[in-house]
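I have placed the structure first, in the form of C-alpha cells, so that the comments after it can refer back to it.
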Amino acid sequence: MISAKSFFYHRISFPAFLFFALTLPLNTKACLNDTGIQSAEEEFRSRYDAPAPDSSEKSKSPPVVSYAALAIGGGLIAGTVVTGVKRRTKAE
Amino acid sequence: MAKSRIRITGIPRLILIGCMGALIAAIVASTFNPLPLHPHERLLPAAYRTPKVPGGTALRLAMVHDVVHERYLRHGNTWYTQRNIKARKIIEAERQTKDHTPAYFGAMDDLAVGLERLGQYDEAIAILNEKLASLPPLPKAPEYKAPTTQQTSDEERANDLSELRKIVAAQNLSPLEQQQYSTAANLGTLLVHKYLPKAIAGDAAAKQEVRRGIELLEQAIAINPGAHFGRENWQVIAVNHLLAATEHPEILLKYDLIGDALPNSNPIYGETTSRVWGLRNRRGELPVISLNDRIVARAMITRVGINPDWAKLVQSKYSAHMPFDEPTMAIIGMWTLGGGPNPHFAVTLGIIMEEVGQLNIAWNAYERAVELSDRFWPDAKTREQLVEFCKARQLAIAQRESAGSADSWQEKMRHVHQDELAWGLAYQKAYQDFEESQIKAGVGLNEPTFYDAFFQNRPNIASSPGSSDDFLITEKSGADALPCMVLGAGLTMLIGTIAREKQTT
C-alpha cells in the first residue's frame, strides 16, 4: 500500500513512482545461496588468481659492479699501506 | 715565541687521508649511491591480500575496476529457467516423503533463487517459507547494541580478533545448520528485494516486511557469521541505510551506503591502500598464519566508512571504521552474485577508491553512478544532487590527475569507460546466448564441457590484476654505502701516496 503522505513527501507523481518501482532493483541481494554459489565464488576468484610476490626473493641480480668497487678499494688501501710501510723501512 | 707544529707522517697520515676519503664518499652515498651493495627493490604484497577469514577471497583492485565495467560472468534467464525445471522435478519427487534429502533442500534453494532471478518473488517466497517450516526453529537474532564511543586501535584489534574467532568457530556447520542458514539468508534477501522499493516509497506494511527480512538475515549471520566473506553483515547495513533514508532522506547525500561521510571539498584524502606487510617466504595465500598474525597484518589496511552519527541512525552493526577491503568485497559480491549494478554501490565504491588513492577506479565508479542515477531514489531532486556530487568528484580527480587539461582528460577517460563497459556487456550477452544455444542443443547444465566451446580462443572477461596490489619497496641500509666508502678511502690514500712521492722527489 502506498500512502499519499509518501508521495507528498518525495514529491513524485504516481507514473514516476511506477517507473521507479519497476526500474529500481535495489539489488542488495547478496545472500542468495543456491547450490552453485560456492562454485560461482571460486570461479570469480580464480580469474584473479596470481601468487603474491615472494618477499624473500631479490628482484635484481647481485650488483657485480659494487663488489668490484669494494675489491678495488680494498686493494688500493692494502697497496698504499704496504707501499708506506716499505718506504718507511727503506728510509730507516 | 716559536709556534710548535704537529706533523703527521707515514702510515697515520695515510690512515687519516683514507678516513677523510671514506667520510666524503659516505656523505655522497647518502644522497646518491651509485654502488649499492644490495639490490634496491623488492615487491611485497599489500596487507589486504591477506583475507579476513582463513581461506577467504582476498581483494584485488582489478575486481573493482571489472565490476564497474560489467566484466564478470552472469547466467542468463534461459539457464535459470532450465535449472528451475530440474529443481521442480526433484522437489515433486520428494515432497510427499517425511525425511527429506539434502538434494531436496538444495533444489528448493535453487528454485527460489531461479524464480527470484526471473522476477517471480511470490512463488519464491512461498517455497522458502515451506522449507523454513520443515526445519527446526532458527536461533534468535542478537539484539542490537548501540555503538560505543570512538575506539582505540587496540580496541579495534581486540574486536576484530573476537569477531574472527567467532567466524572460524562457525566454519564447520552441521548439514541442518547449513540448511537453516541458507533458508534464512535466502528468504531474508527475497523479502528485502521484493518489498524495499515500496518501503522506500513510504508503504508501512512493506517496511514491516523489509524489517522481517533484516531479522532473517541477522539470524543467518548468527548461524554462519563468516559466510561469503561477511557480505551479509554489509547487506544488512546497506538495507538499514536505505530504510533509515525513508525517514531521513538527507542521509542519502550526507553518507554513502557504508556510512562514509560524502566528501564535499576538493582535497582528496587517502594516498595509500595499506602499509607494507612483509612476511618472508610468502607465496600466494600463507599456508600457516595464526588468527592473531592475521589481525596484525590486516590492522595495516586503510579503514573507511562508519561515521558514528550515521551508525546510531541506521543501527549499524559496526560502529568504527573498517578495513576498506571488507565493504568493497561485500559490494563486489552483491553486485556480481546478487542483482547486478546499482547507483548506491557505484557511488560507495567511488568514495572508497578515492579514500585509498585509487583515483582512476574512483572516476569510473562515479561515472557508473551517474549512468545508473535513475535508480538512486524516487525524488528527482535527490537524483540530480547525486549526479552533481559525482561530477564534482570526477572534476576534482581530473584536476589532480591532469592539472591544466582536466576536461580533455575526462573526455578521454569517458571514451575508454564507455568502450570497456560496452565490451563487458557484449561479453555477458555472448555468454548468455551461448548458454541458450547449448540448452536448446540438449546439453545438460552440469556437463563439465558445457562452456568449453565458448571459452576457446576468447580472452578472459576479467582484467589482469598485474602488480597493482603489490608494493615496490626501495630498501636502504648502512652497509649499502660500504663499496663507495672503501673505494673513496682507497683512491684518496692512493692520491695521498702519489702526492707524497712527488713532494719527496
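- Between Ala40(A) and Leu337(B), the closest heavy-atom pair is CB-CD2, 3.7 Å.
- Side chains of Asp109(B) and Thr35(A) form no contact here, defined as non-hydrogen atoms less than 4.5 Å apart.
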Q: Please report the C-alpha distance between Asn33(A) and Gln178(B) in whole Å, then the side-chain angles of each, then the deciding distance to 0.1 Å, and finally whether the side-chain contact (heavy atoms from CB on, under 4.5 Å) criterion is met.
A: CA-CA 10 Å; Asn33(A) 294 271; Gln178(B) 183 59 47; 5.8 Å; no
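- With respect to chain A, the highest number of heavy-atom pairs below 4.5 Å among Ala62(B), Ala220(B), Gly119(B), Gly213(B) belongs to Ala62(B).
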Q: Could you give me the CA-CA distance, side-chain angles and deciding distance for Ile332(B) and Phe44(A), then say whether side-chain contact (heavy atoms from CB on, under 4.5 Å) is met?
A: CA-CA 10 Å; Ile332(B) 288 171; Phe44(A) 179 77; 3.6 Å; yes
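- At a 4.5 Å heavy-atom cutoff, Leu372(B) makes no contact with chain A through either its backbone or its side chain.
- Residue contact with chain A, scored on non-hydrogen atoms closer than 4.5 Å, is absent for Arg74(B).
- The residues Arg83(B) and Asp34(A) are annotated as salt-bridged, a charged nitrogen and a carboxylate oxygen being separated by less than 4.0 angstrom.
- The shortest side-chain heavy-atom distance between Thr57(B) and Tyr48(A) does not fall under the 4.5 Å cut-off.
- Residue Gln38(A): no heavy atom, backbone or side chain, is found under 4.5 Å from chain B.
- Looking at Met108(B), there are no atoms closer than 4.5 Å to chain A (heavy atoms on both sides), in backbone or side chain.
- Here CD of Glu43(A) is found 9.0 Å from OH of Tyr451(B). Values are rounded to the nearest 0.5 Å.
- Using a 4.5 Å cut-off between heavy atoms, Ile461(B) contacts chain A through both its backbone and its side chain.
- For the options Gly490(B), Gly114(B), Gly21(B), Ala107(B), heavy-atom pairs under 4.5 Å to chain A are most numerous at Gly490(B).
- Between Leu35(B) and Val65(A) there is a side-chain heavy-atom pair separated by less than 4.5 Å.
- Among Asn460(B), Thr497(B), Ile498(B), the residue making the largest number of heavy-atom pairs under 4.5 Å with chain A is Asn460(B).
- Both the backbone and the side chain of Leu494(B) come within contact range of chain A, judged by heavy atoms closer than 4.5 Å.
- Heavy atoms closer than 4.5 Å to chain A are found in both the backbone and the side chain of Leu482(B).
- Taken from CZ in Arg45(A) to CZ in Arg60(B), the straight-line distance is 11.5 Å, to the nearest 0.5 Å.
- Heavy atoms only, all atoms of each residue included: Pro483(B) and Ser66(A) are closest at CB-O, 3.5 Å.
- Side chains of Arg47(A) and Asp66(B) form no contact here, defined as non-hydrogen atoms less than 4.5 Å apart.
- If you run side-chain contact (heavy atoms from CB on, under 4.5 Å) between Leu491(B) and each of Leu76(A), Ile77(A), Ile72(A), only Leu76(A) comes through.
- Leu14(B) and Thr80(A) get closest at one heavy-atom pair: CD1-O, 3.4 Å.
- For chain A, the nearby part of Thr336(B) is the side chain; its heavy atoms alone come within less than 4.5 Å.
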